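All ligand and atom numbering here is 1-based and tracks the order in the structure. Quick note: numbers below take in every heavy atom, side chains included, and nothing from hydrogens, waters or symmetry partners. Everything quoted here is computed from the prediction, not taken from an experiment.
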Amino acid sequence: MASESAREPLANLNGTLMPLSEVRISPLDRGFLFGDAIYEVLRVYGGKPWLEEEHWHRLKRSLEAIRLGSIDLERLRRRMHETLKASTFQEAIVYLQITRGAAPRSHPFPTGATPLELLWVQDYHDAYAAVRQTGVQVLTAPDVRWERCDIKSTNLLPNVLAMQAAKEAGCHEAVLYLADGTLTEGTHSNLFGVREGTVLTAPSTNLILPGITRGLIIQLSQRCGIPVTVESLNRAELGDVSELFLSGTTTEVLPVICVDGHLIGNGTPGPVTKRLQQAYREAVVGRS
Ligand code: PDD
């Protein structure tokens, strides 16, 4: 196990394979200077990227939203598969980032800069396996992000600060709320509730990231005969939900049993959450 986890991530920088530690990026890269960049994180199960089409679709959408339309996505996809194959990793994460490239520092888009296309594949040992059984505690924190949270941009400082506050409070995630108490999502996950047997999820607007896992959970709920309502939860109404859970590429389906020190339901993972965890596992195992 120890030697496996020490295997170095394999990177692909603009088409060239190299160990991640050997990647060198210009200090003038706009991703570094301005956060002028977007990213994706994919989970690889048994050597195959999970929900790959959905991730490419969202990547394309993010690129268009930041007006970086010139990227050859088919080429990037080939690079990802080539890198994954060369890595021989079976249980892995693919991190993919595209920036507007390096140019003398100036706010408007540079003319003639070549976008930077970086991806790497890293071994993944599921850090959530134990807490998926027990459930986790979360903290709520004000959502001070911008109004384009639907773009998967690398500008994650509000997420980082809220997550650090959660960690310092002994929590696994911070769930963000707007001024009126509306709960949007986690710092790196989407939020679901269960009220009277119905699964509740925030609408897919500019205020949340349209999570790939969220999309699958909506489908799985419907397949399991569990009704789904698109409705945001409110911080003041958490007493009305019997279950709460988070979703994400690495998180999968993670029960939340306590928010700001208040138990949700009876303080253990609830039946709907467990059913969806099982359905998620079956979907992963049964993938084509
Ligand atoms: N985070 N909301 C936010 C703000 C996120 O950053 C993420 C994912 C999600 C869940 O999306 P998905 O189901 O597509 O993973 C929701 C990734 C994993 C990260 O930043 O590491």
Ring geometry between Y95 and Y39 (parallel below 30°, tilted from 30 to 60°, perpendicular above 60°): parallel
Counterpart residues, ring pair (Phe, Tyr, Trp, His ring centres under 6.0 Å), relative to H262 (two or more places apart): none
Cation-pi geometry met for R7 and F89 (6.0 Å, 45°): no
Shortest non-hydrogen contact from I264 toward V241: CG2-O, 4.1 Å
Common cluster, L233/L246, ILVMFWY with side-chain heavy-atom separation under 4.5 Å: yes
Identify all N/O pairs between ligand 1 and the protein with a separation under 3.5 Å and present them as a table of atom names and distances.
residue, atom, partner, partner atom, Å
ligand 1, 1 (N), K152, NZ, 3.4
ligand 1, 2 (N), E185, OE1, 2.7
ligand 1, 13 (O), I212, N, 3.3
ligand 1, 13 (O), T213, N, 3.0
ligand 1, 13 (O), T213, OG1, 2.6
ligand 1, 14 (O), R58, NH1, 2.8
ligand 1, 14 (O), R58, NH2, 3.0
ligand 1, 14 (O), I212, N, 2.8
ligand 1, 15 (O), T249, N, 2.9
ligand 1, 15 (O), T249, OG1, 2.5
ligand 1, 20 (O), Y39, OH, 2.7

R43 charged N/C atom sitting above Y45 aromatic ring, 6.0 Å / 45°: yes
